[in-house]
Amino acid sequence: MQRRSRSVIAVLAAVLTVAAGCTVPTFAPNGSSEAGPVTSSGAPATNGTADWQPCPDVPKDLVGQTAPGMTYDCAKVSVPRDWNDQNNGETYSIAMIRIRSSKQSGRIGSLLLNPGGPGGSGVELAAILSFGEAFGGLPTEITNRFDIIGFDPRGVGRSDPVKCISPADQDASFGAPPDPRSLAEFDKLVTLNKRIASECGAKYGDQLPFFSTEQAARDMDSLRQAVGDEKLSYLGYSYGTLLGATYAQLFPKNIRAMVLDGAVDPKQNFVEGSETQAKGFERAFTNFTNWCKATPDKCPIAPDARKAVTDALATATTKPIAGADGRKATSGWVFYAVISSLYTESGWAKLANAIDELKQGNPKLVFSLADQYAERKPDGTYSNLFDANMAVNCADTDDAPTIDEVRRFQGEWRQKYPMFGAALATGMLSCAVWPGKRDPYPAGAAAGAPPIVVVGTTGDPATPYENTADLASMLGVGQVLTWEGEGHTAYPSTPCIVKAVDGYLIDLKVPQEGLRCPAK
């Protein structure tokens, strides 16, 4: 399992349903290199000014329609491949979407969005959020005052996407045992990771360090200038908090307002970050099992949901059930169905039903949940989400453990976090064998920046709540806002969170210190 902070789209997808019965997809399917250009010409601007062209096809491709009263324009901005060597002429094109409400008045400026990942499409996040608060999107108070700007970071989606993992290797990676016990099984996983790393290295070579978070954060300042804002207003989710925190250290005086929801702690090393996620998912899984025990009428695998899932994984290891297309629901696919379901509280019932149906010989729901997480399409191809995720994570990491150390952590974490520890340990193999040079991000104070709101969810599996105060403290200007809820990220989940965040983004009113918003 690769270390990854899942995008807010995973949260929104569980609750968003658009008119005409069209359900908003998780992490939308058009983030691959096949998605096509987002401007009519596809030519990036090179003078720092965005050349906006209408692109209503983006929301139409995602949900079948545009949001009422919203206009959609797209552009590309050219940035140096290497900000440390800007004059060599090599560039990347960064894709953006601008969404404006017909009711906009008293315009403040632009609100730049990042959904996380790394690897998530901000273009698609912005399009989804544009459908408004009735569908779990942005409140009208925000869309009435800001242009909503989504962007795909370098290497992601429509921005010169990294694509170097074959569908066969993707299937092998997700289908592999999450906890390979025998040395032979472990070595097989090492070989797979080495093959993927070798192919990515052969294709991108010296470019690999250019996909780092610091390079992407410098791109953000070019986007700020391209949309004509003197200062940046930013909303970043999950990995987007790391991107925002890096920007805040590099360009503290260029910030107007910044909300970081689902905090990554930049001070943690690679191993610490992976173990933190193991702890977060284990806690979320325990919350799920407690819910099953308390509401057996809603959970067909009650009263002992942990045993039911553990048994399902064990059975899938030795006797995996084949789906309609012949694909076998191995322990890896079952494991990722579990992971996928923990990002939202609404996913708990889906997980219980999936495990129950698997026991009865039907893996359809298991594949549906796992494919949603993996962004595996019905034809067996994948978006570039995990290609970009690996490229960014490994470019950022100069302290990955050795293969032998990964094996040791696998055993240690299995004891501490029975469901997720071993998988989060073996997930570090991808960067342990990565061929590219590294470009780690900074981890320090944002001296000179205005107050930054850092939002944390007490039941967050992917970016555990403990990270919230740590990130706020590191920045030196962070103000913690807490949601006592379940799932990954908080805004815009409840009226209390919405009121606090909107008041800050619009009027720069910092939430009161220690504010905790109830779950409902």
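In this text the structure is predicted, and so the values were computed from the model without any measurement. Note that the numbering runs from 1 along the sequence shown for the chain.
- Distance check, rounded to the nearest 0.5 Å: CZ of F151 to OG of S222 gives 11.0 Å.
- Salt-bridge annotation for K416 and E275: present, with a side-chain N of the basic residue lying under 4.0 Å from a carboxylate O of the acidic one.
- A donor-acceptor pair under 3.5 Å is formed between the side chain of Y237 and the backbone N or O of Y491.
- Contact check on R154 versus D219 returns a salt bridge, with a Lys/Arg side-chain nitrogen under 4.0 Å from an Asp/Glu carboxylate oxygen.
- Here the side chains of C200 and M390 are in contact, with some heavy-atom distance below 4.5 Å.
- In this structure, T397 contributes its side chain and A400 its backbone to no donor-acceptor pair below 3.5 Å.
- A side-chain donor-acceptor contact under 3.5 Å links S340 to the backbone of L369.
- With respect to the salt-bridge test (charged N to carboxylate O, under 4.0 angstrom), the residues E412 and R407 do not qualify.
- Here CD1 of I97 is found 10.5 Å from CG of L113. Values are rounded to the nearest 0.5 Å.
- Closest of all the heavy-atom pairs between T402 and E405 is N-OE1, 2.8 Å.
- The heavy-atom pair separating P177 from P180 by the smallest distance is O-CD, 3.5 Å.
- Formation of a donor-acceptor pair under 3.5 Å by the S473 side chain with backbone atoms of D470 is not found in this model.
- When side chains are defined from C-beta on, L138 does not count as touching E133, because their heavy atoms never get closer than 4.5 Å.
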Any chance you could lay out the side chain to side chain contact (heavy atoms under 4.5 Å, CB included) test for N254 and R224, step after step, and finish with the verdict?
CA-CA 9 Å; N254 291 356; R224 175 190 63 79; 3.5 Å; yes
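- Of all heavy-atom pairs between V498 and P492, the closest is CG2-CB, 3.5 Å.
- Nearest heavy atom pair, residue E484 against residue A519, reads O-CB, 2.9 Å.
- Side chains of D152 and S121: a donor-acceptor N/O pair is present below 3.5 angstrom, by distance only.
- Counting non-hydrogen atoms of neighbouring residues, nucleotides and ligands closer than 6.0 angstrom, the NZ atom of K231 exceeds 12 such neighbours.
- At a threshold of 4.5 Å between non-hydrogen side-chain atoms, the residues R256 and P450 do not count as touching.
- Taking the ring centroids of F211 and Y92, they lie under the 6.0 Å cut-off.
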Candidate pair D507 and K509, rule salt bridge (Lys or Arg N to Asp or Glu O under 4.0 Å), full reasoning
CA-CA 5 Å; D507 299 318; K509 180 182 177 182; over 6 Å; no
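- Rounding to the nearest 0.5 angstrom, the gap separating the CD atom in Q277 from the OG1 atom in T463 is 8.0 Å.
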Give the intermediate values and the outcome of salt bridge (Lys or Arg N to Asp or Glu O under 4.0 Å) for residues E466 and R283.
CA-CA 12 Å; E466 293 83 352; R283 180 167 54 199; 2.8 Å; yes
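- Residues Q215 and N84 have side chains in contact (heavy-atom distance under 4.5 Å, counting atoms from C-beta outward).
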Worked check of salt bridge (Lys or Arg N to Asp or Glu O under 4.0 Å) between E214 and R218:
CA-CA 6 Å; E214 180 169 341; R218 293 186 182 279; 3.1 Å; yes
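- A salt bridge links D147 to R100: one of the charged nitrogens lies within less than 4.0 Å of a carboxylate oxygen.
- For the pair R414 and D179, the salt-bridge criterion is met [side-chain N within less than 4.0 Å of a carboxylate O].
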The test is side chain to side chain contact (heavy atoms under 4.5 Å, CB included); show your working for R98 and I148 and say whether it passes.
CA-CA 6 Å; R98 181 185 66 192; I148 307 305; over 6 Å; no
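- Between R306 and E282 there is a salt bridge, since a side-chain N of the basic residue sits under 4.0 Å from a carboxylate O of the acidic one.
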For D399 and V271, run side chain to side chain contact (heavy atoms under 4.5 Å, CB included): C-alpha distance rounded to whole Å, both residues' side-chain angles, the deciding distance at 0.1 Å, then the answer.
CA-CA 8 Å; D399 54 5; V271 172; over 6 Å; no
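- Here the shortest heavy-atom pairing between W291 and C299 reads CZ3-CB, 3.9 Å.
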I'd like to know whether M419 forms a side chain to side chain contact (heavy atoms under 4.5 Å, CB included) with V309, so could you lay out the CA-CA distance, the side-chain angles of the two residues, the decisive distance to 0.1 Å, and finally the verdict.
CA-CA 9 Å; M419 184 63 66; V309 174; 3.9 Å; yes
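- Counting only heavy atoms from C-beta outward, the side chains of T276 and N467 approach each other to under 4.5 Å.
- Residues T482 and T458 meet the side-chain proximity criterion, which asks for heavy atoms closer than 4.5 Å.
- In this structure, W413 and Y417 have perpendicular ring planes: the angle between them is above 60°, well past the 30° mark.
- Contact annotation: the side chain of T489 never approaches that of V455 to less than 4.5 Å [non-hydrogen atoms, C-beta and beyond].
- For K267, the NZ atom is densely surrounded, since the number of other residues' heavy atoms within 6.0 Å is greater than 12.
- Between F420 and F281, the two ring planes are tilted [angle within 30° to 60°].
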Going through the checks in order, is the ring-ring contact (aromatic ring centres under 6.0 Å, His included) test met by Y373 and F335?
CA-CA 11 Å; Y373 180 86; F335 177 80; 9.1 Å; no
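- By the 30° and 60° cut-offs, the orientation of the rings of Y343 relative to H488 is perpendicular.
- With contacts defined as side-chain heavy-atom distances shorter than 4.5 Å, the pair F270/D398 does not qualify.
- Side chain of Q225 to backbone of D221: a donor-acceptor contact under 3.5 angstrom is found.
- In this structure, K279 does not pair ionically with E272, as no charged nitrogen and carboxylate oxygen lie closer than 4.0 Å.
- Between T241 atom OG1 and L475 atom CG the span is 9.5 Å, to the nearest 0.5 Å.
- Taken to the nearest 0.5 Å, the CH2 atom of W434 stands 9.0 Å off from the CD1 atom of I196.
- For the residue pair A337 and V366, the shortest heavy atom distance occurs at CB-O, 3.6 Å.
- Remark: the backbone N or O of V162 is paired with a side-chain donor or acceptor of N384 at under 3.5 angstrom.
- Rounding to the nearest 0.5 Å gives a distance of 13.0 Å between OH of Y504 and CG of D502.
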